[in-house]
Number of protein chains: 2
Amino acid sequence: MWISTRGQYGLRALVELAQTNTLMPIHKIAERQDISLHYLEQILATMRRAGFVQSERGATGGYRLARDAKKITALEVIVALEGSLAPVACVEDSSQCSHVNACGTESLWRRVDATITGILGSYTVADLLEEARFQNALKMMKSQAPLE
Amino acid sequence: MWISTRGQYGLRALVELAQTNTLMPIHKIAERQDISLHYLEQILATMRRAGFVQSERGATGGYRLARDAKKITALEVIVALEGSLAPVACVEDSSQCSHVNACGTESLWRRVDATITGILGSYTVADLLEEARFQNALKMMKSQAPLE
DNA sequence: CTAATATCCGACTTAACCACTAGGATTTAT
DNA sequence: ATAAATCCTAGTGGTTAAGTCGGATATTAG
């Protein structure tokens, strides 16, 4: 498991926020997604500074998406919360490779990196919300169908 | 960087061993690949137990590949040295996901996992050796050509 | 027989990171 | 004024990464 809970929770929180455009307080997201409130607070703070969400303080405060869910990719979010996704150090910084002879593995790692970046860059928060709704609809149908 | 040095060093050591079918002592691999000898020792021990290499003890001892370099994939090696490559816990063990509602992200992570597995499974040690030789040949040509 | 050179094995270490938890300061609506 | 919310800084306990250290065992060369 090389994506930490910060990235996972962050993405899931954005999916939750994408369901509405009204303000949602942290505790609501936390309980719906079963995440520690204080921990989620820190994650949302990072995502606010990164420009994914906006907040309003005070009694009726909370969070909302700062821009359209279609304009936020999973890649941006994960990178903002976790830093580089490079599988090995020399991919993110080629000066790391102090090697005189070529080791033969660099192109493999570069391909892994590029592929992951491509996949994560192709998923938006809107896509994830759609997927969540689809999966929940499936679950409803199954639990509602004791005929057979 | 989510592939640790154990996996990287292990792969590179196998590429080194693939260059010859004679016994090669650890210290030679360690110095050619610039890896701590004692650390590499542990990595080779793991790879011996996993069946990638054979060893002979004593004064003229050393290591060799236990089977054809074309029959060892990068995936096997990395998994043997690092364990699961799953990006998130629920991908390697779906009981980890205690969530009542679908979070919408699972299919994304499954796709990432499957893609990585596919890429690493398609590279053999023989492929990596070929790549290393090609890169070294390129380097030679560049350093030998001050004409321009 | 004795070094010298190897592999083999287990324990230890140091630093960093993860996933929180704790406690309070500040802002705003009622 | 009070309650409800965000904001901010620190601390904590457990785990892992990347080695290091010291010695046991096996084999060969002289």
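A note on names: the letters A, B, ... follow the listed sequences, proteins ahead of strands, and every chain is numbered from 1.
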Original post:
Base, sugar-phosphate alone, or nothing: which one does A/Leu44 contact when heavy atoms must sit under 4.0 Å apart?
Top reply: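 Here A/Leu44 touches no strand at all.
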Suppose we screen for side chain to side chain donor-acceptor pair (under 3.5 Å). Which residues come up paired with [X], at least two apart in sequence or across chains?
X	result
A/Ser84	A/Glu92
A/Asp113	none
A/Glu41	none
B/Gln33	B/Arg12, B/Glu16

Original post:
To which residues is A/Leu23 joined in a hydrophobic cluster, defined by side-chain heavy-atom contacts under 4.5 Å among Ile, Leu, Val, Met, Phe, Trp and Tyr, whether direct or through other members?
Top reply: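 Cluster partners of A/Leu23: none, it stands alone.
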Subject >> Remaining members of hydrophobic cluster (4.5 Å side-chain criterion), B/Leu138 >> reply: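 Taking Ile, Leu, Val, Met, Phe, Trp and Tyr as members, B/Leu138 shares its hydrophobic cluster with B/Phe134.
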Subject >> Which residue lies more 5' along DNA chain D, comparing A/Glu56 with B/Leu37 via nearest heavy atoms >> reply: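 Nearer the 5' end of the strand: A/Glu56.
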Subject >> Outermost DNA chain C nucleotides near chain B [under 4.0 Å, heavy atoms] >> reply: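 So the contact region on DNA chain C extends C/dT5 to C/dA11.
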Original post:
Under a 4.5 Å side-chain heavy-atom rule over Ile, Leu, Val, Met, Phe, Trp and Tyr, are A/Ile3 and B/Met1 clustered together?
Top reply: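 Different hydrophobic clusters.
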**OP:** With sequence neighbours excluded, tell me which residues meet salt bridge (Lys or Arg N to Asp or Glu O under 4.0 Å) with A/Arg110.
**Re:**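 If we apply the salt bridge (Lys or Arg N to Asp or Glu O under 4.0 Å) test to A/Arg110, skipping adjacent residues, the hits are A/Glu106.
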Starting at atom [atom1] of [X], determine the distance to atom [atom2] of [N], rounded to an integer number of angstrom.
X	N	atom1	atom2	result
A/His38	D/dC7	NE2	P	13 Å
A/His27	D/dT6	NE2	C1'	11 Å
B/Tyr39	D/dC21	OH	C1'	16 Å
B/Leu40	D/dC21	CG	C1'	17 Å
A/Arg64	D/dA5	CZ	C1'	14 Å
A/Glu41	D/dA4	CD	P	16 Å

**OP:** List the protein contact pattern of nucleotides 25-30 of chain D with one symbol per nucleotide (5' to 3'): B for base contact, S for sugar-phosphate-only contact, - for none; contact means a heavy-atom distance under 4.0 Å.
**Re:** BBBS--
Pairs under 3.5 Å (N/O, protein and nucleotides 10-13 of chain D):
from: D/dA10; atom 1: N6; to: A/Gln42; atom 2: NE2; distance (Å): 3.4

Subject >> Charged N-O contact under 4.0 Å between A/Glu76 and A/Arg67 >> reply: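 Yes, this pair counts.
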**OP:** Locate the shortest heavy-atom distance separating B/Val15 from A/Cys103; write the atom from each residue and the value.
**Re:**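 Of all heavy-atom pairs spanning B/Val15 and A/Cys103, the closest is CG1-O, 4.1 Å.
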Original post:
Parallel, tilted or perpendicular: which fits the ring planes of A/Tyr39 and A/Tyr9, with parallel below 30° and perpendicular above 60°?
Top reply: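 Geometry flag for A/Tyr9 against A/Tyr39: perpendicular rings.
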Original post:
Is there a donor-acceptor contact under 3.5 Å linking the side chains of A/Gln8 and B/Thr105?
Top reply: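 Judged by distance alone, the side chains do not pair up.
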Original post:
Checking A/Asn136 side chain against A/Arg133 main chain: does a donor-acceptor pair fall under 3.5 Å?
Top reply: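 Absent.
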Original post:
Counting only non-hydrogen atoms, which of residues 3-19 of chain B are less than 4.0 Å from DNA chain D?
Top reply: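 Output list: B/Ser4, B/Thr5, B/Tyr9.
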In residues 42-56 of chain A, what donor-acceptor pairs under 3.5 Å come from side-chain atoms, sequence neighbours left out?
from: A/Thr46; atom 1: OG1; to: A/Gln42; atom 2: O; distance (Å): 3.2
from: A/Gln54; atom 1: OE1; to: A/Arg64; atom 2: NH1; distance (Å): 3.4
from: A/Glu56; atom 1: OE2; to: A/Arg64; atom 2: NH2; distance (Å): 3.4

Original post:
According to a strict under-4.0 Å criterion, is B/Ser36 in side-chain N/O contact with OP1 or OP2 of D/dA18?
Top reply: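 Indeed not, no polar side-chain atom of B/Ser36 lies that close.
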